[in-house]
Undergrad: 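Got a structure here, written out as structure tokens. Questions coming.
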Amino acid sequence: MSTVRKLNESALRGIYDAYMHEAFPPAELKPLAVMLRLMERGRYLCYGYYRNGRLAVYAFFYRHDSRVLLLDYFAVTPELRGRGVGSAFLAALDAVLGGVCILGEVEMPDSHDAGLNAMRLRRIAFYERAGFSLTGAACRLYGVRYAIIARRLPAGLTAAGLRGLLREVYRGLVPAPLRPFVLHRE
């Protein structure tokens, strides 16, 4: 049996300690205190996908407003990677979140390391299969270039409108000295 659960502070702490240091590079992992503060303010939504009572996947979102979320962290627990549970979670989560716009970041396949580029292309393909699309926007954060992906962008949103929306979202999530430069690729 698989279920999506909204996570509380205690569950967030447990996942952070048990899984996040393995799943994300240190430079990309924000301090737990920042996540908890955002959660306290109603700006951080955390969900887990449980199979047979055990955590299989987790997703943390920054809530810009009632219509727009930024996927901040998404990971499958190590023992279940590559088994389709990430895709199943995104499909199940869609029913929980409704029709909101979800923005995300995927590392651009622009490394000199062919193996790393292959992994990044697989990640982009995973999100595309889950209904996300590349927006043409990109940013640099933590020294890494990211392509911006989205599911359900607001109708009629122009490239300039997307850049403005991304700046607003990052203003609420990322401290000023680290705030990414958002651009639109032609």
Undergrad: I'd like to check F132 versus I124 (side-chain heavy atoms, cut-off strictly below 4.5 Å). Are they in contact?
TA: no

Undergrad: Side chains of L80 and V57: closer than 4.5 Å at any heavy-atom pair?
TA: no

Undergrad: Can you tell me how the ring of H21 sits relative to the ring of Y16, calling it parallel under 30°, perpendicular over 60° and tilted otherwise?
TA: perpendicular

Undergrad: Closest heavy-atom contact between G86 and F126?
TA: C-CZ, 3.9 Å

Undergrad: Does I149 offer a backbone N or O that forms a donor-acceptor pair with the side chain of T135 under 3.5 Å?
TA: no

Undergrad: Run the salt-bridge test on R122 and E107 with the 4.0 Å N-O cut-off and return the result as yes or no.
TA: no

Undergrad: In this structure, are over 12 heavy atoms from other groups packed under 6.0 Å from E40 atom CD?
TA: no

Undergrad: Quick one: are R13 and M35 in side-chain contact, heavy atoms under 4.5 Å?
TA: no

Undergrad: Taking the side chain as C-beta and beyond, is there a heavy-atom pair between P78 and E22 under 4.5 Å?
TA: yes

Undergrad: Do side-chain atoms of R5 reach the backbone of G48 as a donor and acceptor pair under 3.5 angstrom?
TA: no

Undergrad: Could you please spell out the steps behind the side-chain contact (heavy atoms from CB on, under 4.5 Å) verdict for L70 and F60?
TA: CA-CA 9 Å; L70 174 72; F60 300 167; over 6 Å; no

Undergrad: Which distance, rounded to the nearest 0.5 Å, do you find between the CZ of R152 and the CD1 of I102?
TA: 6.0 Å

Undergrad: Following the transitive rule for hydrophobic clusters with a side-chain heavy-atom cut-off under 4.5 Å over Ile, Leu, Val, Met, Phe, Trp and Tyr, establish whether L38 and F24 coincide in one cluster.
TA: yes

Undergrad: Which pair of non-hydrogen atoms, one from L153 and one from L162, has the smallest distance, and what is that distance?
TA: CD2-CD1, 4.0 Å

Undergrad: Go through the steps to decide whether C46 and Y73 satisfy the test side-chain contact (heavy atoms from CB on, under 4.5 Å), and finish with yes or no.
TA: CA-CA 9 Å; C46 303; Y73 294 100; over 6 Å; no

Undergrad: Does V144 belong to the same Ile/Leu/Val/Met/Phe/Trp/Tyr cluster as M119, with side-chain heavy atoms less than 4.5 Å apart forming each link?
TA: no

Undergrad: Looking only at heavy atoms, which two atoms of M20 and L29 are closest? And how far apart?
TA: CE-CD1, 3.6 Å

Undergrad: Evaluate the ring planes of F61 and Y47, with Trp represented by its six-membered ring, and classify them as parallel (under 30°), tilted (30 to 60°) or perpendicular (over 60°).
TA: perpendicular

Undergrad: Just one of F74, F89, Y58 clears the ring-ring contact (aromatic ring centres under 6.0 Å, His included) bar with Y49, so which one?
TA: F89

Undergrad: How far does CG of L97 sit from NZ of K6, to the nearest 0.5 angstrom?
TA: 9.5 Å

Undergrad: Does the distance from a Lys or Arg side-chain N to an Asp or Glu carboxylate O, for D113 and R120, drop under 4.0 Å?
TA: no

Undergrad: Minimum heavy-atom separation for L93 to A59, with atom names?
TA: CD2-CB, 4.4 Å

Undergrad: Please name the residue in the list R43, H64, K30 that meets the side chain to side chain contact (heavy atoms under 4.5 Å, CB included) test with L173.
TA: K30

Undergrad: Spell out, as yes or no, whether a donor-acceptor pair under 3.5 Å connects the side chain of T77 to the backbone of A56.
TA: yes

Undergrad: Which atom names give the shortest non-hydrogen contact between P109 and L121, and what distance separates them?
TA: CG-CD2, 3.7 Å

Undergrad: Tell me, please, whether Y44 has R63 positioned over its six-membered ring: NZ or CZ under 6.0 Å from the ring centre and within 45 degrees of its axis?
TA: no

Undergrad: Kindly determine whether R151 and L69 satisfy side-chain contact (heavy atoms from CB on, under 4.5 Å), including the steps that lead there.
TA: CA-CA 10 Å; R151 187 159 68 175; L69 300 174; over 6 Å; no

Undergrad: With a 4.5 Å limit on heavy-atom distance, are the side chains of L103 and V68 in contact?
TA: yes

Undergrad: Is it true that a side-chain atom of D72 and a backbone atom of Y62 form a donor plus acceptor pair closer than 3.5 Å?
TA: no

Undergrad: Can you measure from CG (L7) to CG (L45) and round to the nearest 0.5 angstrom?
TA: 10.5 Å

Undergrad: Atom CD in E28, atom CG in L141: separation rounded to 0.5 Å?
TA: 8.0 Å

Undergrad: Can you name the closest pair of heavy atoms from S2 and R51 and give their distance?
TA: OG-CG, 3.4 Å

Undergrad: Would you kindly confirm whether L157 and I148 end up in one hydrophobic cluster when ILVMFWY residues are joined by side chain heavy atoms under 4.5 Å apart?
TA: yes

Undergrad: Taking atom CZ of R81 as the centre, does the number of heavy atoms from other residues, nucleotides or ligands within less than 6.0 Å exceed 12?
TA: yes

Undergrad: After noting the C-alpha distance and the side-chain angles of R67 and C101, does the key distance pass the side-chain contact (heavy atoms from CB on, under 4.5 Å) rule?
TA: CA-CA 6 Å; R67 301 168 295 120; C101 169; 5.9 Å; no

